[in-house]
Protein chains: 2
Amino acid sequence: MIDSRLTTLRVFARCGTVAATAELTGYSPSAVSAQLRELQRVLGLQLLTKDGRGLRLTATGRFLVTGSDPMIAEWERLRAAAMEAGGQMQAHFGLGGFSSAAAQLLAPLAATLRSVHPLVEVQVLEANPARCFDLLVAERIDLAVIVAMQSDMHADEDQRFEQTTLLNDPLDVILPSDHRLATRETVTLEELATDPWITEAPGSAYHALFTAAFTAVGVTPRIAHEAVEWETQIAFVGAGLGVGLLPRLATLGSAENVTRLPISGRGKPSRRIVAAVRKGSIGSPLIKDSLAILQDRAKRILTERLEDEL
Amino acid sequence: MIDSRLTTLRVFARCGTVAATAELTGYSPSAVSAQLRELQRVLGLQLLTKDGRGLRLTATGRFLVTGSDPMIAEWERLRAAAMEAGGQMQAHFGLGGFSSAAAQLLAPLAATLRSVHPLVEVQVLEANPARCFDLLVAERIDLAVIVAMQSDMHADEDQRFEQTTLLNDPLDVILPSDHRLATRETVTLEELATDPWITEAPGSAYHALFTAAFTAVGVTPRIAHEAVEWETQIAFVGAGLGVGLLPRLATLGSAENVTRLPISGRGKPSRRIVAAVRKGSIGSPLIKDSLAILQDRAKRILTERLEDEL
DNA sequence: TCGATCATGCACCCATCCTGCACCATTCCC
DNA sequence: GGGAATGGTGCAGGATGGGTGCATGATCGA
């Protein structure tokens, strides 16, 4: 309903280059370039200027992008209300999500939606949080499941999105099955202060969560190894190289010799899993359905995993 | 920026038939029909139903039309603000107006705009008030100058338009130059209670104004003749058939034997001339310029006409 | 029953717009 | 400083969307 060239401009405003905009929107770079030129022509405004080998938004361009937020939200609201009023569903529904969230929450959601609403074409894209927001703006996806991060805190005030917390995913300790504490019911971080820890490289979202957990209890962990994927980290632990933290939502899989223990005591760390949608679209029947399914699913996984693996 | 098919639907909502929508938007009837069908397809909603040989909006359709008002207004606001911020003007500017208003106010406005902003293509359409609103919705015109009427009072609350009063156009009395009161400076309606009056057919906007003026002073005029155009009415008066009321904005032209006198005493009648624009567009530079020019022009005409003709 | 009014399907056609490629500018890196 | 990588844009070509004009079917009024 809204001119696609405006959407293209908005995507450009997020990623900053024509090439990236093309990749996100699914157009060719030439098409993006032409669309932006055309948009400036019909509005009679200069929205972009050359900046080195790239392009940069002018003040007018930035104004147009942020100023269009209310209109986009208004349209989403209207569409959602019309869908609700007419008892209809949109024909296409895109989901985006990040690693464990995607695997554990989005796959079942997509399956459920497929069976409940067979006429809706559901598509799932695995993508990191930043890209998820890009995809939301580009209208490639309609709902994203991501891990809330401190750096995204300002995203709550973003006029483009609306977020709802799905669950607080607690971090558990994973340790080798022959570890001295492996037979305990629960464990505190203080008790593991001297153990070698396995974590992700500094700068990652998980690493920030990791250090926050320890500073909360006043302990400085000894970091022995770094891993990028949960799989790798679990294998390191299984091999006896150290101990680590694992979100309860992440599955241990078929890992041998690894025990999962919930953390007790002060400062139980957790990561917040949130669902993000374009502002205004929260009232859409499909999205309301999806949020309900996701929350139900999240709750069930959390309790089941405790019973199964601990 | 907004999908033209939505605009088409909104015009249809005002006029009720595909043919009239086609005429207003400038499309062919086939095109309108196809657009409405396509709009329903992409939204997956039934917006229209057959009703006899015509079409009728469904509840969903009405919902979509009225619900889209805020979005349209938001877009107009954004466009106006972007124009202002970028110091630009839109390339096309449409004006609409009614009879004497068009002749006396819009023609000079168009001329002024043409000289001040030579790059803007100005177009004037003479149309009655109802059609002016249709043309505003259809985006054929951007500003309409109309006579406010009691039946349009609810138009103030219409979510689609914004109106600003340009001037109160007082009604003068016109009488034959050999009339017993023709040498007076001013006249009251009571003094003319027994004279034969010339007015427009009952049901017209002017007639309503006419009767309101007399009921205000408690006099029942004797209506002798009916005329549709000012020209005709003035000719009747010049021929000595009776007396009449004429808005000060309307010119006497080259009429012979006709004298114009302002009305004094209680209940000086006047008609309100208002400018109407699409909601949100009031901040546009061109519109702000136009309103200023119109008000200036209106004021000058009012005072000049008094000196010239009285 | 005839004409007028409306909506719509169909054939045709034109404008829009996207792709793929080539080309130019800038920056990075060796 | 030169070559490669990155980023943007122009152009030819082609598909598609969408508009026009006409014919047709349906309904209403006289």
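Labels below follow one simple rule: chain letters A, B, ... track the order of the sequence lines, proteins then strands, and each chain is numbered from 1.
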Subject >> Salt bridge A:Glu139-A:Arg10, side-chain N to carboxylate O under 4.0 Å >> reply: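 Salt bridge between A:Glu139 and A:Arg10, a charged N being under 4.0 Å from a carboxylate O: no.
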**OP:** Using a cut-off of strictly less than 4.0 Å between a heavy atom of the residue and any atom of DNA chain C, enumerate the qualifying residues of residues 20-43 of chain B by number.
**Re:**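 B:Pro29, B:Ser30, B:Ser33, B:Arg37, in order of number.
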Subject >> Minimum side-chain heavy-atom gap A:Leu9-A:Gln35 below 4.5 Å >> reply: no
Taking atom [atom2] of [N] as reference, at what distance in whole Å does atom [atom1] of [X] sit?
X: A:Arg53; N: C:dC29; atom1: CZ; atom2: C1'; value: 12 Å
X: A:Lys50; N: C:dA25; atom1: NZ; atom2: C1'; value: 8 Å
X: B:Asp3; N: D:dG17; atom1: CG; atom2: P; value: 14 Å
X: A:Leu55; N: C:dC24; atom1: CG; atom2: P; value: 19 Å
X: A:Leu9; N: D:dG8; atom1: CG; atom2: P; value: 14 Å

Subject >> CG-OG1 distance between B:Leu36 and B:Thr21, expressed to the nearest 0.5 angstrom >> reply: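 It comes to 7.0 Å.
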Check: residues 72-87 of chain A side-chain donor-acceptor pairs under 3.5 Å, at least two apart:
residue	atom	partner	partner atom	Å
A:Glu76	OE2	A:Arg278	NE	2.7
A:Glu84	OE1	A:Lys288	NZ	3.1
A:Glu84	OE2	A:Lys288	NZ	3.3

**OP:** Just do the salt bridge (Lys or Arg N to Asp or Glu O under 4.0 Å) check on B:Glu126 and B:Arg131 with the steps written out, would you?
**Re:** CA-CA 9 Å; B:Glu126 183 173 353; B:Arg131 186 176 162 84; over 6 Å; no
**OP:** Starting from the 5' end of DNA chain C, give me the residue, A:Arg5 or A:Asp51, whose nearest nucleotide shows up first.
**Re:**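 Its nucleotide being nearer the 5' end, the pick is A:Arg5.
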**OP:** Please name all residues satisfying ring-ring contact (aromatic ring centres under 6.0 Å, His included) with A:Phe63, sequence neighbours left out, ordered by chain then number.
**Re:** none
